[in-house]
Every structure is written in structure tokens, then in C-alpha cells.
Amino acid sequence: MRRIRAALLEDVGERFRVEELELDEPGPGEVRVRVVAAGVCHSDLHVVNGDLPVPLPAVLGHEGAGVVEAVGEGVTRVKPGDHVVLSWIPGCGRCYYCRIGRPELCEEAFRLQVAGTLPGGALRLRRPGGSAVHHFLEVSCFAEATVVPEQGVVPIRPDVPLDRAALVGCAVTTGYGAVVHTARVRPGSSVAVLGAGGVGLNVIQAAVLSGAWPVVAIDRIPAKLELAREFGATHTVDASRTDDLVGAVADLTDGRGTDYAFEVIGRPETIASAYGMARKGGTVVVVGVAAPHEEVSINAFSLPSQSKVLTGSWYGRSNPGVDIPRILDLYMAGRLKLDELVSRRFPLEGVNEAFDALRSGEVARSVLLLES
Ligand code: APR
Ligand code: ZN
Ligand code: ZN
């Protein structure tokens with residue numbers, strides 16, 4: 001057993017409390033990771049807001065990187081001292097979706113997300129001598145250390161700074177994969193990206209890497225549009241200045257709309273806008289996660305007559321064991337930006353401040369640094 005400091009969320013709508021918790025030794029097939037850095041993602045905020053129902057109390061955080069401290073029985077993928085990025089969909093390797101090569105849709109991982117436990121119902125976190133605390137997405141990295149399943153750690157090259165590597169656990173892989181795997185953007189095609197936050201900026205830079213032009217970024221915060229340009233967007237639309245986003249994108253593309261439109265916010269009205277932004281026969285990719293009760297209305301006649309492809313993208317349809325090391329190689333080669341994604345760094349005690357910064361929209365990403 002190890003004592004850790006962790007940010008605990010007791011209930012929906014509350015502030016985080018940094019408390020001392022007990023963390024069990026890793027069981028068979030599990031790994032204990034000393035967390036070095038954890039990104040603050042909008043999906044964590046969805047939990048705080050009650051838009052993503054998961055069992056509480058829990059230690060949140062699902063975008064992290066660190067160093068392996070201990071491994072349980074039978075673990076072969078990593079050893080103590082290895083640098084790892086944590087994956088929030090540890091594909092079980094056995095279910096239908098894992099077997100057809102779609103591990104991001106793993107049924108077991110989804111079941112455990114809802115249960116708030118590790119495989120087999122294991123709970124490795126508790127209050128000192130007391131009640132159990134739930135895991136979040138099998139990661140729970142707003143903590144000095146965490147126990148995760150072996151499939152949830154991706155070993156990485158040790159020369160990548162871990163505060164940058166952490167972001168590849170969610171935002172970068174989600175955005176990059178939406179472009180490279182889900183849409184398969186072709187060179188020379190046009191792209192619109194609605195939402196230039198932590199994930200959207202990665203959609204933008206992956207579209208640029210894929211040879212797209214123009215790459216139109218749309219956001220309601222001007223500072224985000226400046227960042228979008230830094231990440232390679234060729235045009236920007238300020239959503240705070242116009243209600244007609246579809247018209248603004250059409251004006252930039254001979255009245256046609258773009259070959260691809262990505263929604264990276266997670267709201268019904270922006271999903272409808274993204275659908276409108278794609279040209280006839282174009283592809284619309286919904287990356288943003290709306291609350292479970294939300295519905296989107298699409299003109300029924302347009303479905304056959306405009307023949308658009310409307311699809312979703314969960315975790316960038318990625319294979320984390322392949323994509324995460326590849327993204328880090330691209331970063332080290334200067335082909336993808338990670339440094340510019342980290343707007344602010346906070347100690348664990350700054351977790352509430354980091355969430356305030358996310359709510360206000362002032363940051364691309366905040367990173368919690370766990371090393372004391
Ligand atoms: N119009 C235009 N831009 C908007 C609007 C809107 N109505 N609402 C929000 N935005 C912009 C914000 O200004 C911000 O730049 O969308 C961006 C969202 O970025 P983040 O808050 O950083 O969220 P991020 O972590 O990128 O996640 C985006 O993807 O994976 C999902 O759950 C995640 O639904 C979330 C989405
Ligand atoms: Zn995330
Ligand atoms: Zn599976």
C-alpha cells in the first residue's frame with residue numbers, strides 16, 4: 001500500500017478536495033504508475049457539471065503520463081522505470097470490438113467506465129482506513145500515483161518531457177485520430193474545425209500535416225483563433241461576431257462548403273452547424289461529446305439529396321499502442337506541436353484553479369504537475 005495525495009471529487013457540482021488516500025499494490029495484470037503530469041480535459045469538466053454520469057466519489061483525470069513504479073503478477077508490457085502515457089480506453093483484447101480492430105469501442109472498457117472500477121470490479125483507492133473511492137476511465141491521474149490495467153499503459157521513449165506526453169493520452173490522440181483515422185483527410189482537401197480548444201487545435205494541426213488547404217478554424221474566443229493560426233489554420237471565423245457560421249465557411253469555399261467539417265465542442269447547435277458546413281458529398285465528423293440527453297435535428301431531405309457522410313469519432317478511432325508513440329515521434333521530429341498546447345501549469349493544489357481556467361476558455365490546456 002502507498003499513500004498518495006489526490007484530487008477527490010465527492011459529488012457533481014462540487015469543488016475538488018486534495019486529500020491523502022491509500023492506493024493498493026497493483027494486482028495481477030495491473031501496473032502502478034507515479035504520475036508526473038496530468039492534463040485537464042473538458043471531459044473531466046463534463047463529470048463535474050453532471051453531463052457525464054460516473055460513480056462518485058472518484059479521482060478524476062484521464063490524460064496523464066508518468067513512470068512505472070511497480071507491476072503486478074503476469075505483467076509483461078512494462079517494467080519499473082519505464083516512461084508511459086496512460087490510455088483511457090484499455091482495450092480488453094477479447095470483446096467483439098477489440099477483435100474486429102476497433103479497440104476504442106471496447107465493451108469491457110465501456111462497462112468499467114460506467115462501474116468506476118478496474119477489471120474484475122477492483123477498487124484500489126480508498127480513504128485512510130475507510131471507504132472506497134472510484135476510479136475514472138481506469139486512469140484517475142489527478143493523483144501522485146495510480147493503479148491501472150496493463151493495457152492502459154503505453155510505453156514511450158524516455159526523451160519526451162512528460163508534461164507534453166501527458167496530453168497525448170487524450171487531446172492529441174483524439175484530434176489527430178479524428179483526421180488521420182476517422183476522416184482520412186486527403187492532401188489538398190478543405191477542412192473546417194468548429195472549436196479550437198485542446199482537442200480542436202490537434203484536429204487543426206493534423207489536418208495541416210495531412211496536406212489540407214484551406215483549414216478554417218471557428219471559435220467564439222479570439223485568443224483561440226490566434227492559437228489556431230499558430231497551429232496552422234489558414235482562415236478563422238469568430239463565432240462571437242456572426243450567427244451565420246455556415247455562410248461564413250461557404251464564403252471561403254466558393255459557396256460550396258468544405259470537404260470535411262469537424263465538430264469539436266459537443267453541442268447540438270454546433271453539430272448542426274458542422275453538418276451545414278460540409279459540402280455535398282463531404283464528411284462531417286463529430287468529436288465533441290454532448291450530454292447524454294441532447295438531440296440533434298438534421299433536415300431529412302438533405303440526407304439523401306446532399307449525400308454527406310455523418311460520423312462520430314471516439315478517441316480518434318485510435319490504436320493507442322501504435323498512435324501514441326507515433327505522435328511523440330512526430331513531435332520530436334518537429335512535425336506536431338505539443339509545447340504550445342500547454343498554456344498553464346499548476347501543482348495538484350491548483351486543480352480548482354485549473355478547472356476555472358478551462359471554464360473561462362482562456363487556456364488551450366492546463367497541466368497539473370504532480371511531483372512534489
Ligand atoms: N461556438 C464557437 N466556439 C465555441 C462554442 C460555440 N458555441 N462553445 C465553445 N466553443 C469553443 C471554446 O471557446 C473552446 O475554445 O470550443 C472550444 C472547446 O475547447 P475546450 O474547452 O478546450 O474543450 P476540449 O478539451 O478541446 O474538448 C472539446 O471534445 O473530447 C471532447 O469532451 C470533449 O466535448 C469536448 C470537446
Ligand atoms: Zn479527454
Ligand atoms: Zn474489448
Side-chain angles (χ1 to χ4, degrees), residues 38-47 49 51-52 60-64 86-112 119 136-137 139 141 149 151 166-175 177-178 192-204 217-228 231 236-243 245 248 262-274 285-291 294 312-316 341 343 354-355 357-366:
V40 176
C41 173
H42 214 113
S43 299
D44 299 297
L45 183 54
H46 287 327
V47 175
N49 292 342
D51 291 337
L52 187 63
L60 301 192
H62 63 281
E63 183 179 87
L86 302 171
S87 155
W88 59 270
I89 307 185
C92 74
R94 292 182 302 274
C95 76
Y96 175 78
Y97 292 100
C98 284
R99 283 187 281 118
I100 64 166
R102 293 293 296 275
E104 90 283 7
L105 300 177
C106 175
E107 286 171 311
E108 168 77 348
F110 181 73
R111 206 175 57 72
L112 295 172
F136 177 55
L137 306 184
V139 178
C141 61
Q151 308 91 280
L167 304 187
V168 183
C170 181
V172 185
T173 301
T174 299
V193 183
L194 196 34
V199 181
L201 290 169
N202 287 293
V203 172
I204 290 167
I218 304 119
D219 204 288
R220 62 180 178 192
I221 298 182
K224 290 294 175 64
L225 296 174
E226 273 171 43
L227 262 174
F231 278 74
T236 55
V237 175
D238 184 343
S240 69
R241 288 168 164 264
T242 173
D243 286 333
L245 299 178
F262 294 85
E263 200 276 356
V264 206
I265 298 170
R267 301 176 66 89
E269 53 286 12
T270 43
I271 293 170
S273 295
V285 181
V286 179
V287 180
V289 182
E294 302 274 25
S313 184
W314 193 240
Y315 207 9
L341 280 175
S343 313
F355 273 77
L358 176 60
R359 277 191 197 91
S360 74
E362 70 189 67
V363 290
R365 255 313 188 251
S366 293

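Each ligand, and each atom within it, is numbered from 1 in the order the structure gives. Note that these values count all heavy atoms, side chains included, but never hydrogens, waters or copies made by symmetry.
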* Asked: About how many Å separate NZ of Lys224 and OG1 of Thr236, when rounded to the nearest 0.5 Å?
  -> 14.5 Å
* Any residue meeting side-chain hydrogen bond (donor to acceptor under 3.5 Å, both in side chains) with Arg99, in chain and number order, not counting sequence neighbours -> none
* To do: Provide, to 0.1 Å, the distance between atom 10 (N) of ligand 1 and the closest protein heavy atom, together with that atom's residue and name.
  => Ile265 CD1, 3.8 Å
* Asked: Do Val199 and His42 come close enough that some side-chain heavy atom pair is under 4.5 Å?
  -> no
* To do: At a cut-off of 2.8 Å, list the protein N/O/S atoms near the Zn ion (ligand 3), residue plus atom name.
  => Cys92 SG, Cys95 SG, Cys98 SG, Cys106 SG
* Does any non-hydrogen side-chain atom of Thr174 lie less than 4.5 Å from one of Asn202? -> no
* Is any protein N, O or S atom closer than 2.8 Å to the Zn ion (ligand 2), and if so, which? -> Cys41 SG, His62 NE2, Cys170 SG
* Asked: Evaluating non-hydrogen atoms only, which member of Arg220, Glu362, Lys224, Arg365 is closest to atom 3 (N) of ligand 1?
  -> Arg220
* Is the closest heavy-atom distance from Ser43 to ligand 1 below 4.0 Å? -> yes
* Below 4.5 Å, heavy atoms only, C-beta onward: do Pro119 and Leu112 meet side chain to side chain? -> yes
* Asked: Do Thr173 side-chain atoms and Gly169 backbone N/O form a donor-acceptor pair below 3.5 Å?
  -> no
* What atoms of ligand 1 come within less than 4.0 Å of a heavy atom belonging to Ile221? -> 13 (O)
* Spatial distance of atom CD (Glu269) from atom CG (Leu245) [nearest 0.5 Å] -> 10.5 Å
* Where is the nearest protein heavy atom to atom 27 (O) of ligand 1: which residue, which atom, and how far? -> His42 CB, 3.5 Å
* Atom indices of ligand 1 within 4.0 angstrom of Gly195 heavy atoms, with elements -> 16 (O)
* To do: Considering heavy atoms of the protein only, find what lies nearest to atom 19 (O) of ligand 1 and give residue, atom and distance to 0.1 Å.
  => Gly197 CA, 3.2 Å
* Asked: Which residue owns the protein heavy atom closest to atom 13 (O) of ligand 1, what's the atom, and how far is it?
  -> Asp219 OD1, 2.6 Å
* Charged N-O contact under 4.0 Å between Glu104 and Arg102 -> yes
* Give the residue, atom name and distance (to 0.1 Å) of the protein heavy atom nearest atom 29 (O) of ligand 1. => Gly288 CA, 3.6 Å
* Asked: Crowded around Arg267 CZ? As in, over 12 foreign heavy atoms under 6.0 Å?
  -> no
* Closest protein heavy atom (residue, atom, distance) for atom 28 (C) of ligand 1 -> Val264 O, 3.2 Å
* To do: Tell me, please, which residues at least two apart from Val363 pass side-chain contact (heavy atoms from CB on, under 4.5 Å).
  => Ser343, Arg344, Ala357, Ser366
* Asked: Which value, rounded to the nearest 0.5 Å, describes the distance between Leu105 atom CG and Tyr315 atom OH?
  -> 13.5 Å
* Asked: Hey, what do you get for SG (Cys92) to CD (Glu108), rounding to the nearest 0.5 Å?
  -> 5.5 Å
* Option passing side chain to side chain contact (heavy atoms under 4.5 Å, CB included) with Val193 (candidates Val287, Val203, Asp219) -> Val203
* Asked: Counting from 1, what ligand 1 atoms have a heavy atom of Gly198 closer than 4.0 Å?
  -> 22 (O), 26 (O)
* **Close side-chain approach of Cys41 and Arg365, heavy atoms under 4.5 Å** => yes
* Asked: Is it the side chain, the backbone, both or neither of Ala196 that has a heavy atom closer than 4.0 Å to ligand 1?
  -> backbone
* Asked: Heavy atom under 4.0 Å from ligand 1: found in Val363's side chain, backbone, both, or neither?
  -> neither
* Asked: How about Leu86 and His62: do any of their side-chain heavy atoms sit closer than 4.5 Å?
  -> no
* Structure fact -> Interatomic distance, CG@Asp238 vs CD1@Ile221, rounded to 0.5 Å, equals 10.0 Å
* Structure fact -> for atom 26 (O) of ligand 1, nearest protein heavy atom and its distance come out as Val199 N, 2.8 Å
